[in-house]
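Report on the following structure.
Below, chain A is the first sequence line, B the second, and so on; all start at residue 1.
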Amino acid sequence: MASSGAACFDRAIDTALALLAWLVALLVVGTIGWIVADLLRQGLPRLSWAFLVELPIDAGRSGGIRPILISTLLILGVCLAVSVPIGLATALFLAEFQRGHRGFGPLVRYSLDTLAGVPSIVFGLFGNAFFSITLGLGFSILSGGLTLACMVLPLLIRSMETALRAVPAEHRLAAAALGLPQRVSLLHIVLPAAAPGLAVGLILGIGRALAETAALLFTSGYVDRLPGSLLDSGRALSVHIFDLAMNVPGGASQAAATALVLVALVLLINGFTGWAAQRWLGSLSSAAL
Amino acid sequence: MLKPSSSFHRHPDRPLLWTLRLLSAVAALIVALILLFVLREAWPALHQLGPLRFLHDPGWHPAAGGADAQYGLLPMLAGTLLSSGGAVLLAAPLGLGSALFATSYGPPRLGGLHRQLLQVLGGIPSVVVGFWGLVVLTPLIRQWHPPGQSLLAGILCLTVMILPTTALLSEQAVREVPAESLQAAAALGLSRRATLEGVVLPVARGGLLSAVILASGRALGETMAVLMVAGNVIQVPAAVFDPVRTLTANIALELGYALDLHRAVLFVGGLVLMGVVAVVMALAASLQRSPGHG
């Protein structure tokens, strides 16, 4: 009978653990729901087409976010224009030419792992000292975009390298057997085969860049006018949310509306990139047939 | 026709290789460049004040000038460690519970949905979490125990920020428990609890621990979510309801107007932050290399 008592105890503990697991799951879901519901409640009444295309009025208390949207896209554009070529090249180098544990590759990998651990505010310090002051770019979209490029590189490279390594070795061997030069094999066989994984890396990078605030405060700056060039200061969406919430009394509902736009933008880009990768791959596989 | 293909493996595409190597070198040099520039900017303070002043100075009056200036970074370091420590203490059990829900205690279909929701939470920018904390969480804490903007608010927002990392990595660690071990446990007729206690947790321990360490690295470096809710008063807090300022918040608040030595000391704060995060990351790396890790 002692064993049945132990089994009973076991079952009681098991039930308690199950209850706890359910409770944690509900807590997680509840927190997400709470945050999203609050953003929607505060922001949705302010959200309209006019909000997206109008200029901000009275430090952002009313009006829209057109210059902020444009600055954000420009900063993101600069970031990707720099980080994607460097990232893809490094990922190709690490995945295709550095399979061993010797040489230059491990050094690059170690350096990138260290870079991944650097806090975003330190990227802000560095961007301010290097791009804004030493290179003389000032508080500008260019400084901000370049700082973000440094920040997203480790994430971009790690996911792109994983995608490239997932391409079966037979593909490369077959290309080599056909006598294709290596650049042809990489461009027409390895890269297309790795495309969905590469797209995932790109999405992760874009998400990270859009979400960033601390690295931009002292590189791309606060100015909420429409930027005339890449050397103008431009306020990103994240910085706009921060400024409205902290420095502008009565800016909370506008901040909530901007937060909704930012979150929606992240989700939209994720969805579109996924769809595009699938479409690209689809047309490619039909062409191969 | 035979020549290029037969020489393929011995002579890889030289120009291509050198282009890739060059761009990789650029990527690898960034971290050195960061360290160099943060050190260069911090140097006047390190050189003129000496490292001990940052620990011994009783207060933080960096703009006072001359002999009146004080550069004590200790309260900010305490703020960083306490807020991150508190967040990790909350997020670790929650992450484990969420991993157990997704892998064994919850229905499989809900487990997938749960994971997707965690990914959505992970995608919410820290400035949005900070904003939510500022307009929703701090008023609630103020009703309970003023002033509201406090260490507690910082801990809770940081927990929201690191929970996805902790939960998803914990789930991965639990999933990596070999199927043979689980089958053996089932063959022995072990109950779900005994399997958990005797097989899953011991095997996944290393993975669970490194999930927590990686999350704490994330919490230490987080700026916006604490900056917006923790009150930013420079003090070593006596209770969770006291406002605090972290190293990250200190930089974000003051870099805009800091000059000369004041600016240099902010870069010293950045160096300290990098040092703390590097120690934590080295801990995680040594854990992953250690043979005890399943």
Side-chain angles (χ1 to χ4, degrees), chain A residues 10 13-14 17-18 20-22 24-25 27-29 31-32 35 38-39 85-86 89-90 92-94 97 104 107-108 111-112 114-115 117-122 125-126 128-130 150 153 157 176 179 181-183 207 210-211 213-214 217-218 238 241-242 245-246 252 255 259 262-263 266, chain B residues 4-5 8 12-13 16-17 19-21 23-24 26-28 30-31 33-34 37-38 41 94 97-98 100-101 105-106 114 117-118 120-121 123-128 131-132 134-136 160 163 167 191-194 217 220-221 223-224 228 248 251-252 255-256 267 270 273-274 277-278 281:
Chain A
D10 228 38
I13 296 265
D14 194 56
L17 276 174
L20 200 71
W22 273 92
V24 168
L27 192 70
V28 169
V29 174
T31 310
I32 297 170
I35 294 177
D38 267 317
L39 287 180
I86 297 180
T90 310
L92 274 172
F93 175 70
L94 291 175
F97 296 94
F104 188 42
L107 190 73
V108 174
S111 156
L112 289 170
T114 317
L115 190 63
V118 173
S120 60
I121 189 80
V122 174
L125 285 174
F126 163 71
N128 180 268
F130 183 60
C150 297
L153 259 183
I157 292 169
Q182 196 162 12
R183 75 179 73 193
L210 275 179
T213 316
L217 286 177
F218 305 107
S238 53
I241 297 168
F242 171 68
M246 295 291 281
L262 180 58
V263 172
V266 172
Chain B
S5 56
F8 176 75
D13 202 323
L16 176 72
L17 180 57
T19 314
L20 296 184
R21 201 172 269 167
L23 289 171
S24 305
V26 171
I30 291 172
V31 74
L33 205 63
I34 289 180
F37 267 85
V38 175
E41 296 283 320
L94 288 177
S98 142
L100 292 181
F101 178 82
Y105 283 93
H114 181 72
L117 277 173
L118 277 171
V120 169
L121 186 64
I124 294 182
S126 65
V127 68
V128 175
F131 169 70
W132 173 78
L134 182 69
V135 297
V136 178
V160 171
L163 184 60
S191 68
R192 190 160 59 169
R193 180 190 74 88
L220 289 165
T223 308
M224 306 318 290
M228 296 171 79
T248 52
I251 296 169
L255 188 68
F267 277 81
L273 194 64
M274 281 173 93
V277 174
M281 290 298 159

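Of the listed residues (L16(B), I34(B), L33(B)), the greatest number of heavy-atom pairs within a distance under 4.5 Å of chain A belongs to I34(B). Between chain B and the options A259(A), C150(A), A18(A), heavy-atom pairs under 4.5 Å are most frequent for A18(A). Note: G256(B) leads A194(B), G256(B), A167(B) in heavy-atom pairs under 4.5 Å with chain A. Annotation: maximal heavy-atom pairing with chain B below 4.5 Å, among T114(A), V29(A), L107(A), I121(A), occurs at I121(A). When each of R192(B), M274(B), E41(B) is scored by its heavy-atom pairs under 4.5 Å with chain A, the top score falls to R192(B). Between chain A and the residues V26(B), V135(B), L121(B), L100(B), the most heavy-atom pairs under 4.5 angstrom are made by L121(B).
The distance from the CG atom of L92(A) to the CG atom of L20(B) is 5.5 Å, given to the nearest 0.5 Å. Distance CD1/I124(B) to CD1/I35(A): 5.0 Å, rounded to 0.5 Å.
Only the side chain of L217(A) has a heavy atom closer than 4.5 Å to any heavy atom of chain B. Residue contact with chain B, scored on non-hydrogen atoms closer than 4.5 Å, involves the side chain of L262(A) exclusively. Looking at M224(B), the atoms closer than 4.5 Å to chain A (heavy atoms on both sides) all sit in the side chain, from C-beta outward. Contact annotation for L115(A): both backbone and side-chain heavy atoms come within less than 4.5 Å of a heavy atom of chain B. Proximity to chain B is limited to the side chain of L27(A), based on heavy atoms less than 4.5 angstrom apart. Contact annotation for V263(A): only side-chain heavy atoms (C-beta onward) come within less than 4.5 Å of a heavy atom of chain B. The parts of F242(A) that come within reach of chain B are both its backbone and its side chain, each placing non-hydrogen atoms under 4.5 angstrom from that chain. When heavy atoms are compared at a cutoff of 4.5 Å, L17(A) approaches chain B by way of both its backbone and its side chain. With a 4.5 angstrom heavy-atom cutoff, D38(A) touches chain B only via side-chain atoms. For F218(A), the part sitting under 4.5 Å from any heavy atom of chain B is the side chain, from C-beta outward, and nothing else. For T31(A), the part lying near chain B is the side chain, with the backbone staying farther off; criterion is any non-hydrogen pair under 4.5 Å. Contact annotation for L134(B): only side-chain heavy atoms (C-beta onward) come within less than 4.5 Å of a heavy atom of chain A.
Looking at F131(B) and L39(A), their side chains come closer than 4.5 Å, going by heavy atoms from C-beta outward. In this structure, F101(B) and L20(A) have side chains that are not in contact, with every pair of non-hydrogen atoms separated by 4.5 Å or more. Looking only at side-chain heavy atoms (C-beta outward), F37(B) and L125(A) stay at 4.5 Å or farther from each other.
Nearest heavy atoms, A89(A) versus S24(B): O-OG, 4.2 Å. Between I30(B) and L153(A), the closest heavy-atom pair is CD1-CD1, 3.3 Å. Between R193(B) and I13(A) the shortest heavy-atom distance is CD-CG2, 2.6 Å. Taking each heavy atom of A245(A) and M228(B) in turn, the nearest pair found is CB-CE, 3.7 Å. When all heavy atoms are compared, the tightest approach of V277(B) to G117(A) is CG1-O, 3.1 Å. The two residues A27(B) and L112(A) have their closest heavy-atom pair at O-CD2, 4.1 Å.
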(message) Before you tell me yes or no, could you show the steps for V28(A) and L117(B) under side-chain contact (heavy atoms from CB on, under 4.5 Å), namely the whole-Å CA-CA distance, both residues' side-chain angles and the distance that decides it to 0.1 Å?
(response) CA-CA 8 Å; V28(A) 169; L117(B) 277 173; 5.5 Å; no

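Results of the side-chain contact (heavy atoms from CB on, under 4.5 Å) test with P119(A) over L273(B), I251(B), T223(B) single out L273(B) as the only residue that passes.
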